Amino acid sequence: MSDPYGRAALPEPRGPVSAMLREALRRAPHDLPAGPPVDFTGTDPLTDEDLQLTLFLCYELHYRGWQGVEDAWEWQPSLLAVRAIAERRFEEAIRRLAGSQPTVSPDDLPAALHRLTTDDEGPSLGEFLRRRGTLPQFREFLVHRSVYHLREADPHSWGIPRLGGPPKAALVEIQMDEYGNGQPHRMHAELFRTTIDRLGLDSRYGAHLDAVPAITLATNNAMSLFGLHRRLRGALVGHLAAFEMTSSLPNRRYGDALRRLGGDAAATRFFDEHVEADAVHEQIAVHDLCAGLVRQEPALTADVLFGAATVLALDDLFARHLLGAWAAGRSSLRSTASELVHLSAVVSSVPRAPVTARSS
Amino acid sequence: MTPSDCPEPAAATITPYPDGPLIVRGDFAVIAPDGRQIDAKRRTIALCRCGKSALIPFCDGTHKALGFRVDTHPTPVESAG
Ligand code: FES
Ligand SMILES: [Fe+2]
Ligand SMILES: [Fe+2]
C-alpha cells in the first residue's frame with residue numbers, strides 16, 4: 001500500500017499543452033520546447049480541460065509534487081512562463097465571472113461580505129442531496145471534493161507569512177483548528193479520509209484527479225492562484241471568509257444526506273464537525289482576518305470582496321455542473337471514471353480495499 | 001496601536017461578535033448544569049447567543065438563517081431594527 005499522503009501519479013493529459021507538459025515532467029528539468037506559442041483551444045478558461053489541468057500540474061509542484069517528477073521542476077523558468085500564460089487567462093475569467101463588487105469602506109467590509117454570501121441565489125447542491133440524492137451521486141460529490149479536502153486548508157496557509165499582527169493571528173487561529181490543534185486524527189483532511197474510506201473510495205492524496213472535470217480543478221486552482229501570489233493576499237483571505245461563511249448550513253445538509261443514505265457516525269463526522277467548526281471560523285475570518293487586514297491595508301478591500309465573490313461564482317458553476325449532469329441521467333465525472341456511478345456500494349458493508357477511479 | 005500595547009486582559013476572553021455568537025478564547029471549560037464537562041473540541045469556541053442552535057450551547061450558524069440582530073454597537077443615526 002503506497003503512502004496515503006505522498007505524491008499523486010501524474011494525471012492523464014487533456015489537450016496539447018497538458019500533454020507537452022506532462023511528457024516534459026517525466027524527464028530531468030529542462031527548458032520546455034520553444035515552439036509554437038502555448039495555445040489553449042477552449043473558449044472558456046473555466047471549462048477548458050487542457051488549461052485547468054496545465055495549471056493544476058504546475059501548482060501541485062508547490063504542494064507535494066508528482067510521482068516520478070524531480071523537485072527542481074518547481075522553479076523551472078520555462079515552466080513558470082507557461083504557468084503565467086495560463087494564469088493570466090484564468091484570472092481574467094474569474095474576475096469576469098465574479099463581476100464587479102460595490103466599492104465599500106473598510107468599516108463596511110463585514111456587512112458587504114454578509115450581503116454577498118446571503119444574497120446567493122444559486123442552486124443548492126446540499127438541498128438536492130439531502131432530499132433525494134442517491135448513494136452513487138453522493139459518492140460522485142465526494143470524488144469531486146476529494147481534490148480539496150485531502151489537502152484541506154493547505155492553500156490558505158500560503159497566506160500566513162504574508163500577514164502580520166492581528167490578521168496573522170486570526171488566520172493561524174483558524175488553520176490550527178483545520179489541522180486538528182496538533183491532534184492528527186482531528187485534522188479535517190483526516191476526517192475526510194475516514195468518510196471516503198467508509199464509502200469505499202480511494203482516500204490516497206490526489207487519487208481522483210483523472211475523474212474530475214475542469215470546473216472542479218478550477219475551484220482548486222483559484223485557491224492556489226490566490227495563495228501563491230502575494231499581490232492576491234486580499235483575495236486569499238476573502239476566499240477563506242466566503243468558504244467559512246457558506247459552510248455550516250450546507251454541511252448540515254450533506255451530513256443529513258449521508259445519514260439518510262445509511263452513513264454511520266464515523267462517516268458523517270467530517271460534515272458534523274464542519275457545522276460547529278465553521279460557525280467559529282466564520283466569525284474569526286470576517287471580523288478578525290478580513291476586517292483586520294483592511295484596517296492595515298485599506299486598499300485591499302476590493303480584492304477581499306473579489307476573493308469572496310470568486311467562491312460563490314465558482315461554487316455556483318460547480319453545483320450547476322453536478323445537478324445538470326444528474327438531471328440528464330449522466331455522471332458528473334469524466335467518462336474515464338464513470339464506472340464509479342455504477343458501483344452499488346452498500347454503506348454498512350463497505351469494502352476496506354480502496355476502489356480507484358482510474359486504472360493504475 | 002499594536003496588540004503588544006494591550007496587555008492580556010485575563011486567562012479567558014469572551015467576545016460578542018456582531019449579530020452572532022460569543023467567541024470564547026483562552027483557558028476555559030464548558031460545564032453542564034449537572035456539573036459534567038462538555039467537550040469543547042477546540043481552543044476557540046462560539047457560544048450560541050440567539051438560542052436557536054441545534055448544538056446548544058455552541059453556535060451552528062442558525063442565527064444567520066434567522067436574521068438574528070443584536071445591537072452590539074448602537075449608533076445614534078441608524079436603528080439596528
Ligand atoms: S448564535 Fe449562532 S446559532 Fe445561535
Ligand atoms: Fe475544515
Ligand atoms: Fe473551516
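When reading the values below, keep in mind they use all heavy atoms of this one structure, side chains included, and skip hydrogens, waters and symmetry mates. No experiment lies behind these values; they were computed from the predicted model shown.
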Distance-only side-chain donor-acceptor flag, H281(A) / E178(A), under 3.5 Å: yes
Straight-line distance of Y205(A) OH to L150(A) CG, nearest 0.5 Å: 8.5 Å
When you check the side-chain N and O atoms of H188(A) and H149(A), is any donor under 3.5 Å from an acceptor? no
Hey, does the side chain of R193(A) reach the backbone of S203(A) with a donor-acceptor pair shorter than 3.5 angstrom? yes
Of V304(A), V237(A), V172(A), which is the lone residue that meets side-chain contact (heavy atoms from CB on, under 4.5 Å) with L289(A)? V237(A)
Relative to chain A, which segment of I45(B) carries a heavy atom at a distance below 4.5 Å: side chain, backbone, both, or neither? backbone
Measuring heavy-atom distances to chain A, does K41(B) have an atom under 4.5 Å in its side chain, in its backbone, in both, or in neither? both
If you count heavy-atom pairs within less than 4.5 Å of chain B, which of Q283(A), M245(A), M176(A) leads? Q283(A)
Are R131(A) and E127(A) close enough for a salt bridge, meaning some N to O gap below 4.0 Å? yes
Output all residues satisfying ring pair (Phe, Tyr, Trp, His ring centres under 6.0 Å) with Y179(A), sequence neighbours left out; order by chain, then residue number. none
Does D177(A) pair with R42(B) as a salt bridge, N-O distance under 4.0 Å? yes
Considering only residues two or more places apart or on different chains, which pairs with a residue in residues 284-298 of chain A satisfy side-chain hydrogen bond (donor to acceptor under 3.5 Å, both in side chains)? R233(A)-E297(A), D288(A)-Y17(B), D288(A)-R25(B)
Answer yes when D316(A) and R320(A) have at least one side-chain N-carboxylate O distance shorter than 4.0 Å, and no when they do not. yes
Sub-4.5 Å heavy-atom contacts with chain B: which residues of residues 270-279 of chain A show up? E273(A), V275(A), E276(A), A277(A), A279(A)
With no hydrogens and no angle check, do the side chains of S157(A) and D154(A) hold a donor and an acceptor under 3.5 Å apart? no
Select all residues of residues 53-62 of chain B having any heavy atom within less than 4.5 Å of some heavy atom of chain A, and report them by number, or 'none'. L55(B), F58(B), C59(B), D60(B), G61(B), T62(B)
